[in-house]
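Shown next, in structure tokens, is the structure this report addresses.
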Amino acid sequence: MNVYEAVVSRRAVREFTDQPVQEETLERVMSTATWSPSASNIQPWHAFVVTGEPLAALKKRTGERLAAGDPWDEPEYEMYPSTLKSPYQERRSAFGEQRYGALGIPREDLEARHRASAANWDCFGAPAALFCYIDRDMGRPQWSDAGMFLQTVMLLLRAEGLHSCTQMAWAKFHTSVAEVVSPPSDLVLFCGMSIGYENTEAQGSRTGRAPLEETVTFVR
């Protein structure tokens, strides 16, 4: 698979099979991803790859919290601006409509939407997960470095025939994740990433992209 194929075929998969991901595959992906770019090569990301019993324990813990109606953890960063202006709000709304529409869930069925959202904390059935942390003292440029690292991981996963789904949703249960991975206290959880083989029989659709002229300007 060349780079163009990896970019175009990468998407957020939200239903995985239980087929295990080989440890050597994950190690190969992560060792190659260390070559991701970062300003002044400071490499601000800290990744924890979780499989097997630790991941099962994490899924069980978050499932119990959801069933008990536990509130989300105190947020450690703002996921979206409090007021999302145009055209970003329209794009976000269109994504929600497309995602839940593909599942046959109407806008007014909030309970069904919550059930679908809860699948985040089961990693959508994936047998492997990555949790990306960053030092609390880092600024916006370093967070963008972490984003480049995550993109590199996702493209390498495609080269291995795997799929993924990045999830800021895990930041809502960051204390539960910390109970499993035991990160140093100076790190903040940016996001999780579900990793595995796609269930090709699952319902779903791919989210489109804005026309090129909306996001790219060629100055000639």
Side-chain angles (χ1 to χ4, degrees), residues 12 16 20-66 68 70-82 117-157 160 162-196:
F16 295 86
V21 179
Q22 296 298 314
E23 184 173 336
E24 55 265 30
T25 301
L26 293 172
E27 289 181 354
R28 182 165 55 248
V29 166
M30 298 310 298
S31 64
T32 306
T34 61
W35 292 96
S36 298
S38 60
S40 298
N41 197 35
I42 66 172
Q43 305 161 71
W45 51 81
H46 297 262
F48 295 81
V49 180
V50 186
T51 59
E53 278 302 313
L55 183 57
L58 176 57
K59 291 179 179 182
K60 182 175 184 292
R61 173 59 179 145
T62 53
E64 290 171 346
R65 289 186 62 178
L66 288 167
D70 284 0
W72 288 337
D73 295 334
E74 189 71 24
E76 296 191 290
Y77 69 91
E78 187 178 49
M79 292 185 180
Y80 299 99
S82 55
S117 179
N120 271 285
W121 297 291
D122 186 51
C123 294
F124 303 108
L130 177 153
F131 295 95
C132 182
Y133 285 78
I134 190 167
D135 195 292
R136 297 176 187 277
D137 293 335
M138 293 298 171
R140 292 180 180 179
Q142 288 73 53
W143 283 69
S144 72
D145 290 341
M148 289 191 285
F149 166 74
L150 291 167
Q151 173 77 338
T152 301
V153 171
M154 289 186 284
L155 296 182
L156 290 167
L157 289 170
E160 298 284 354
L162 294 159
H163 273 285
S164 61
C165 182
T166 50
Q167 304 157 264
M168 286 193 296
W170 274 108
K172 299 178 184 296
F173 281 157
H174 60 82
T175 60
S176 295
V177 178
E179 290 170 0
V180 173
V181 305
S182 302
S185 60
D186 58 349
L187 299 183
V188 57
L189 177 60
F190 174 22
C191 69
M193 180 192 295
S194 296
I195 299 170

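All figures in this text were calculated on a predicted structure; none of them were measured in a lab.
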Paired with W45, the ring pair (Phe, Tyr, Trp, His ring centres under 6.0 Å) test is passed by just one of Y133, F149, F131, W143, namely F149

Side chain of Q43, backbone of N41: donor and acceptor closer than 3.5 Å? yes

Which class fits the ring pair W72 and W121: parallel under 30°, tilted 30 to 60°, perpendicular over 60°? tilted

State the CZ-SG distance between F48 and C132, to the nearest 0.5 angstrom. 10.0 Å

Which atom names give the shortest non-hydrogen contact between K59 and G125, and what distance separates them? NZ-C, 4.0 Å

Just do the salt bridge (charged side-chain N to carboxylate O under 4.0 Å, His left out) check on D122 and K60 with the steps written out, would you? CA-CA 8 Å; D122 186 51; K60 182 175 184 292; over 6 Å; no

Under 3.5 Å donor-acceptor pairs involving side-chain atoms of residues 178-194, not counting sequence neighbours:
unit_1 : atom_1 : unit_2 : atom_2 : d
S194   : OG     : C123   : O      : 3.3
S194   : OG     : Q167   : OE1    : 2.6

Please report the shortest heavy-atom distance between R65 and P71, naming the atom on each side. NH2-O, 3.1 Å

Between R136 and E76 (side chain of the first, backbone of the second, donor and acceptor by atom type, cut-off under 3.5 Å), is there such a pair? no

Considering residues, nucleotides and ligands other than E78, do more than 12 of their heavy atoms fall under 6.0 Å from its CD? yes

Value rounded to 0.5 Å, distance of CG in D73 from NZ in K172: 10.5 Å

Can you list every salt bridge (Lys or Arg N to Asp or Glu O under 4.0 Å) pair that touches residues 144-156, not counting sequence neighbours? none

Measure the CG-OG1 distance between L66 and T62 for me, rounded to the nearest 0.5 Å. 6.0 Å

Is there a donor-acceptor contact under 3.5 Å linking the side chains of R61 and T175? no

Any side-chain heavy atom of L130 sitting closer than 4.5 Å to one from M30? yes

Heavy-atom pair of closest approach, residues I134 and P44: CG1-O, 3.6 Å

Say whether, by atom type as modelled, one donor and one acceptor occur between the side chain of D135 and the main chain of D137 under 3.5 angstrom. yes

Taking it one step at a time, do M168 and Y80 satisfy side-chain contact (heavy atoms from CB on, under 4.5 Å)? CA-CA 11 Å; M168 286 193 296; Y80 299 99; 3.7 Å; yes

Check: R28 main-chain N/O paired with T32 side-chain donor or acceptor under 3.5 Å: yes

Output for pair (L26 CG, L162 CG), nearest 0.5 Å, gives 7.5 Å

Side-chain donor or acceptor of E160 paired with backbone N/O of L157 under 3.5 Å: no

Rounded to the nearest 0.5 Å, what separates atom CE in M138 from atom OG in S144? 12.0 Å

Heavy atoms of other groups near E64 CD, more than 12 under 6.0 Å: yes

For T152 and A33, the nearest pair of non-hydrogen atoms, with its separation, is CG2-CA, 3.9 Å

Report the distance from atom CG of N120 to atom SG of C165, rounding to the nearest 0.5 Å. 6.5 Å

Tell me the closest heavy-atom pair linking G196 and V21, and the distance in Å. CA-CG2, 3.9 Å

